[in-house]
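Bear in mind that the values here come from a model prediction, so they are computed numbers and not experimental data. Just so it is clear: chains get the letters A, B, ... in the order the sequence lines come, proteins before strands, and each one is counted from 1.
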Amino acid sequence: MNHKGGWALIKSSWLSWMQYRSFFFILAFGWMIPPLIYMLVWSGAAGAGSLGGLTSQEFIAYYLLLILVNQLTYSQTNWTVGDVIRMGSINHWLLRPMPPLYNPLASEVAGKVVTMVFVLPISSVLALVLHPELHTSWDRVGLALLALAFAWLLRFFWGYWLALLAFWTTRADALLALQDSLVFLLAGVVAPVWMLPAGLKAAANGLPFRFMVGFPIEVLMGQVSGQALFIGFGVQTLWAAAAVIISTIVWWLGLRRYAAIGG
Amino acid sequence: MVYLRLIAQFIRASIMEETSYRVNFWINLLHSLLNLTTGVLGVYILFAQIERVNGWGFPAALAVLGVYLTIQALRNLFIGPSLDILAGMDGEVWSGNLDFTLVRPVNIQFLASFRRWHLFALFDLILGLGVLVFAVVRMHEALTLPNIGLFLLTLVAATGILYAILLAFSALVFWSPGVMFTWIFDGVFQLGRYPLGLYPGWVRLALTWIIPVGVITTIPAQALSGDLSMNQLALILLMSVVLVFCASLFFKAALRRYASASS
Amino acid sequence: MTSASIQPVILVRNLTKTYRVPVRESGLGASIKSMIKRAYSEVEAVRTINFSIEAGEMVGFIGPNGAGKTTTMKMLSGILYPTSGDINVLGYIPMERHPAFLRRISMVLGNKSQMLWDIPPLDTFRILGEIYGLSAANYRQTLDELVGLLGMEDLLKKPVRNLSLGEKMKCELAAGLLHRPAVLFLDEPTLGLDISIQRRMRDFLKEYNRRYGVTVLLTSHYIADVMALCPRVILIHCGKLIYDGELQGLAQTLAPFKLLRLTLNQENASVGHFDLPYSAEIVERENSHLTLRVAREAAPAAVSYLLTSFTVSDLTIEDPPIEAVIDRIYQEGSV
């Protein structure tokens, strides 16, 4: 594989995006808002006592972590993949002497760096002002990082195959909006997953969305342990593997269709 | 009268533009339903855990959500789409097509505010009002004529405030083309999904006096359920008039600045 | 406004425009630095320009990219404010953007569109009719005339996005002329069009100007446009006006040389070398056909020398082609 070329791609995406950094800062700001709202609402509702097993300060910790995890796993790239296919700029991807997947991956990495420049200072300030409280252990930190890596893999490839449907239909990005709504409801944004009403909780545990955002935080805060932890990692791995396989299949089918019909 | 006839022409052209892509209808429907579902579930999940927060119960909070959805619908009916032509992504300030707008012999603020209509938002308007009426009935409040009158009055004032803020944020684009200032406001506006009373004191103050999002959604909801004080009524009316006036002045200044600074 | 009839339609005095542009160096370091503080530099887009244009004139506004043509046009139409200097168009000060002024000017831009993309041109025209406050009868009559002149009857009901570039340009012109402006600013109207559509556009503009006496200021990089339409050109370079007059005069004043084309008798041609007089150079040589370049003032003497020294079967004296002259001015930046 052409790693030098990949690095050059990342660098050039980063460079051109720093020109539009305000755009990315605003995007990142927009993504921070729902967790912030629910941080205020839940920590306020918990008041001096506790709610669903969390105190007011623990809610703050949960949602600060959620802001970071959501930012790290959110794949803004997939919103543009559809445009790339529709406008025919995918020809550039295909002409370069490197695997086409490098292009979205490069913008993914570059985008993460640009948004983190914004998100890290803000969440640090919030942490200083709001005094979050977090009880964890090094074991859980290690497991949570592993869960975070899988969460990114799952969320990126899940969005990628949805975006690749642009080979067949012009408005595939509507499915990405649907995914965002499901993440909002089932991945621990509107409330930590263990606090959801029974029906939604069952859906969250079976569907992939919880494993894109909420799961690593649950692991870190010790909300899943023992058998549940084992099952959780199992389900997450299965969904991640499925996402990679589906993406590969959709890519090849899409490319065959593109080659047959043209852009 | 000239302006009313122009609006009629703009609506006519907007309908033609929107219906030229049939798939848009289904996408709009999907977005409307997602917006309704996530909004209602967001309130429902909170009150499934706790009966009252700071004196606010489920139906009262749902009424605020109803106003939020209603005002969003009004915004998406014409304010948002029109201002987007000017200051949105690939908007006229960015692309340079503003030149044509500037040589028109009509008021530019009028053109910028009324030229694109998204009639599908009328469906969202019905959904929003539906949520509102459902909530008020659940509160066991009678819908009296005076309350409905007060509600409509405060709703118009609230829409005025929202319009003023969006106009001012759009005008900022003349200083930094390509920056999506209205997206920043959209993020903050989401805080209006919940009653002001749910937030900590400093957020409440900021949402009343700095960016009056709380005023926009909470006051009309209270008007319909008969909980409106004279002070609140005076506040929202005065705020609306003052903000619309100031935003218009600011917009004029922004146009002047464009003419003297750009190339 | 009786003075308007005596005054020229466009009067520009000491016009200057300066604006700020962000400066950025390449590379990662500079990119991070620019996050904190952006550097700006001042650019003088237009420097003390003076000219005036009479009613009904068609004037070509030429100069290389970035010379300040578009900036000047935007100031004339009231879109941009001048940094200093005076402009008077049709008796109005453009930057005041008086509705009565705006109703009498129009702008057609080759690289931008005022048409609504997804709907047929007729519907954009209808909106423009309302914006410019045209009466129904007036609107109908003007539209019919324009549609006839431009030959666009069958375009009116197709969505604009489905039209070809040439068809779109017809729509832009019709949209720009619907309110019968007295002054028309045309910026690169033939950009990207094929030869025969370019010619049809020129014929249309010429005919429209003849019929309605509209004053036209035209920028174009196609000299053919300017030659066909504009008896007068204004040339600006780096924001400065460097020529204002007839297009043909441009070659005479600006090109300091003449081209001599001569055909020699066969015997002389075979000699193979010439003793060239008066610092003349051979530009082209093909058998007995020769093209020489001679300094303008030396041309008569060179001709008489050639005629006495060689047996010449044919000789013509020409100005260099206008494109070549303009190319030299653009490159050298001065006359």
With chain B, which of [options] has the greatest number of heavy-atom pairs at distances under 4.5 Å?
options                                   : answer
His179(C), Met95(C), Arg103(C)            : Arg103(C)
Leu128(C), Leu109(C), Thr70(C)            : Leu109(C)
Ile127(C), Thr124(C), Thr83(C), Ile105(C) : Ile127(C)

Going from [atom1] on [X] to [atom2] on [Y], what distance comes out if it is rounded to the nearest 0.5 angstrom?
X         : Y         : atom1 : atom2 : value
Glu172(C) : Phe100(B) : CD    : CZ    : 5.5 Å
Leu116(C) : Ser20(B)  : CG    : OG    : 10.5 Å
Arg256(B) : Arg97(C)  : CZ    : CZ    : 11.5 Å
Ser95(B)  : Lys112(C) : OG    : NZ    : 7.0 Å

So, for [X] and [Y], which heavy atoms are closest and what is the spacing to 0.1 Å?
X         : Y         : result
Pro105(B) : Pro99(C)  : CB-O, 3.6 Å
Lys17(C)  : Ala259(B) : NZ-O, 3.3 Å
Leu102(C) : Leu102(B) : CD1-O, 4.2 Å
Ile119(C) : Ala13(B)  : CD1-CB, 3.8 Å
Leu80(C)  : Tyr258(B) : CD2-O, 3.9 Å
Glu17(B)  : Trp117(C) : OE2-N, 4.5 Å

Taking side chain as everything from C-beta outward and backbone as N, CA, C, O, which of these in [X] sits under 4.5 Å from a heavy atom of chain C? Side chain, backbone, both or neither.
X         : result
Ile15(B)  : neither
Arg115(B) : neither
Leu111(B) : side chain
Thr101(B) : neither

Is atom [atom1] of [X] surrounded by more than 12 heavy atoms (other residues, nucleotides or ligands) closer than 6.0 Å?
X         : atom1 : answer
Lys240(C) : NZ    : no
Trp209(B) : CH2   : no
Ile93(C)  : CD1   : no
Arg161(C) : CZ    : yes
Phe245(B) : CZ    : no

query = With respect to chain C, which residue among Met16(B), Arg104(B), Arg5(B), Glu18(B) yields the maximal number of heavy-atom pairs within a distance under 4.5 Å?
reply = Arg104(B)
inquiry  = Shorter than 4.5 Å, heavy atoms on both sides: which option in Thr19(B), Asp99(B), Val106(B) has the most such pairs with chain C?
reply    = Asp99(B)
query = Does any N or O in the side chain of Asn97(B) come within less than 3.5 Å of the main-chain N or O of Ser113(C), such that one atom is a donor and the other an acceptor?
reply = yes
inquiry  = Does Glu130(C) form a side-chain contact (heavy atoms from CB on, under 4.5 Å) with Val2(B)? I'd like the steps, not just the answer.
reply    = CA-CA 8 Å; Glu130(C) 288 297 342; Val2(B) 176; 5.6 Å; no
